[in-house]
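We name chains A, B, ... by the order of the sequence lines, and we start the count at 1 in each one.
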Amino acid sequence: MTSTLERPAAPSGPPPAPGQTPTRSARAEGWVRRAPLLPALVFTIIVTQIPFLLTIFYSLQSWNLVRPGSQQWVWFDNYVSVFQDSQFRGVALNTVIMTLGSVLIAVVLGLVLALLLNRHFIGRGIVRTLLVTPFLITPVAAALLWKTTLLDPTYGLINFVLSPFGVGEEAWISDFPLASVMVALIWQWTPFMMLLLLAGLQSMPTDQIEAARMDGAGAWAIFKELTLPHLRRFIELGTVLGAIYLVNTFDAVYMITQGGPGTASANLPFYIYQRAFLGFDIGQSAAMGVVVVVMTIIVATFALRLVFRSFGAAEGSN
Amino acid sequence: MAEVVFDEASRIYTPGATPAVDKLSLTVNDGELVVLVGPSGSGKSTALRMLAGLEPIDAGHLRIDGRDVVDVASKDRDIAMVFQSYALYPSKTVRDNMAFPLKMRGMDKAEQAKRVNEAAEILGLTEYLDRKPKALSGGQRQRVAMGRAIVREPRVFLMDEPLSNLDAKMRVQTRAQIAGLQNRLDVTTVYVTHDQVEAMTMGDRVAVLRDGKLQQYATPSELYDRPVNAFVAGFIGSPAMNLMDLQRSGDGVTLGGSTLPLTREVADAAGSADTVTVGLRPEDLSLTSEGDGIKAVVDVVEELGSESYLYAHMAEHPDTTLVVRGPGRTRVRYGETIAVRVDPDAVHAFDASSGERLAS
Ligand SMILES: Nc1ncnc2c1ncn2[C@@H]1O[C@H](COP(=O)(O)OP(=O)(O)OP(=O)(O)O)[C@@H](O)[C@H]1O
Ligand SMILES: [Mg+2]
């Protein structure tokens, strides 16, 4: 290697080292091409990475805004107490249940609706539009709608509809706080899953289904043997995207239950918010934030790899 | 083993529009290979899909072995089909693709494996059994689609242009393989193609369709020798038959200044009509020495080695064109005038307005 590199330079000099000039100009050209992106990159770093570094900085300190002058270095004490905090563990579990539960139920409901919408019937366009609307509503408005119009013990439509079945003034939100939040989330996210899976269903070649019918497959066998494998990557994509969005849910929790009673329906973003802006415990909440970010990165890396792998494999087929 | 009968079967996609398949009546005997051929949009695929149970039959009947199947679902008709796109299941291996119809019929695993291996053996797919379809070439996929059809030992095979995605050489090879396989398995087969060469070489009988209507249903040689109308005459044969509307003169017609005699029966059948559509196959025309024969000016020479085709127009009527078969390595060149001799026995004559064959 080294000898071949030196050789052209050694003999005389006039011909510029053939390997180097193109590299230098290519590098310059690369800069010309990428330079316009630089402001965006710098901006992204400023708004995401600097706050994160600051969060790490604060997480190593004990600092409560209620007690001025209390700020001091405690290094990893905050992290130790985060892991010893049973409330934090409960809230982490809530987050997992809320995220995965909502996403999975939304996927299943979305799949059922997509299968229905994939057939021809009169008024399909209208039904499809109506089914999509929940996704178009501002999350805060949707949460408010669920809290006041639907789930309210006295005036709620749910109790009204269920009253013939002997359901009285059931206080859904205080009796089933986590489930109430999840219902609102599922209601908002089912249309997204439905659209994604409908696109998947419509991209399925009809001749395969015809071939399967001739091969003697019934509706269930076609669904299980052909439709589900075809939809697999759409389901994976929907699950990962849904989970990424829902893991940061704040609005629904804030509007419907305020995380209560106690922390029964709080998830991590809400709990951290409570500790930071209601408890003014900057150090503790910063440590929690760092823990959550690290865990999310780990989970997201695996999840995204799964999605990219299945799409990469699918691309090879075309 | 089965006999298939189309009895005035029709398919009307949009009420009021012309039917895609119009009162098709056709009998396919047990073990026969029948080819449906016709130009694009003539209703070949639709007819096949009616038989497959993938399109409803809007009028008429369809019987398999005497049983009316109009209301029978395709999975209960015991028919296997090879699709033009092959329609392989992308998430399954070749083995599972081929075993799928057996699995759906609840056959036990050992028997499934045995049949799949046999079929793979016949089709030369043994080494690809564990691959997914995306890792196969077009020809291999085609064979998997065939394999999936034959493992089941169905009563009827259907094939919709199964060779159209292959290159020319593969197509000729596979054509022979399919015909051979069909012969060996002796399964009633309906084969759709728009390629008349494929139809002529493969079919025991050939049905020519046009605009959803059956034109002629006969053996390849009969189609070639006695086309029932000008459409079939022009469709079958390559290059196509020369079809010309010619003026009557006495007992014959005028072609390029000379008179082409018509037989007694044709002249009678033509009656008092002024013009007759005359069909002359290029291979029934020959070059003759200058002097006698019809004069024509050569526009294009197609040299094929063993023979050549001369595309020419009449010296006196430049609008009338003619394709003539000449010998291989012909010395005729563009712009030369040639003299063409017509074999009087090989003249096909059709009614100028209806296109129906006149007499014999
Ligand atoms: N789903 C459909 N809806 C309405 N019309 C249709 C439909 N499918 C086919 N047709 C019409 O029916 C006629 C016959 O179509 P078909 O597919 O049987 O033709 P084909 O002979 O197979 O032609 P090709 O050689 O191009 O495959 C065509 O005029 C076509 O436009
Ligand atoms: Mg077709």
Q. Is A/L38 atom CG crowded by more than 12 heavy atoms from other residues, nucleotides or ligands, each under 6.0 Å away?
A. yes
Q) Is A/I126 atom CD1 crowded by more than 12 heavy atoms from other residues, nucleotides or ligands, each under 6.0 Å away? A) no
**Q.** A/Y245 OH: over 12 foreign heavy atoms closer than 6.0 Å
**A.** no
Q: Mind ranking B/K92, B/K132, B/Q84 by heavy-atom pairs under 4.5 Å with chain A and telling me who comes out on top?
A: B/K92
Q) Applying a criterion of heavy atom separation less than 4.5 Å, what residues of residues 105-116 of chain A form contacts with chain B? A) none
Q.
With a 6.0 Å cut-off (strictly less than), is the heavy-atom count around CZ of A/F121, excluding the residue itself, greater than 12?
A. yes
Q) Hey, which residues of residues 201-217 of chain A are touching chain B, say heavy atoms under 4.5 Å apart? A) A/D207, A/Q208, A/E210, A/A211, A/A212, A/R213, A/M214, A/D215, A/G216, A/A217
Q.
At a 4.5 Å cut-off on heavy atoms, which part of B/R49 comes close to chain A: side chain, backbone, both, or neither?
A. side chain
Q: Sort B/L88 into side chain, backbone, both or neither according to what part of it lies under 4.5 angstrom from a heavy atom of chain A.
A: backbone
(Q) Within this structure, what is the OH-CD distance for the pair B/Y89 and A/E225, rounded to the nearest 0.5 Å? (A) 9.5 Å
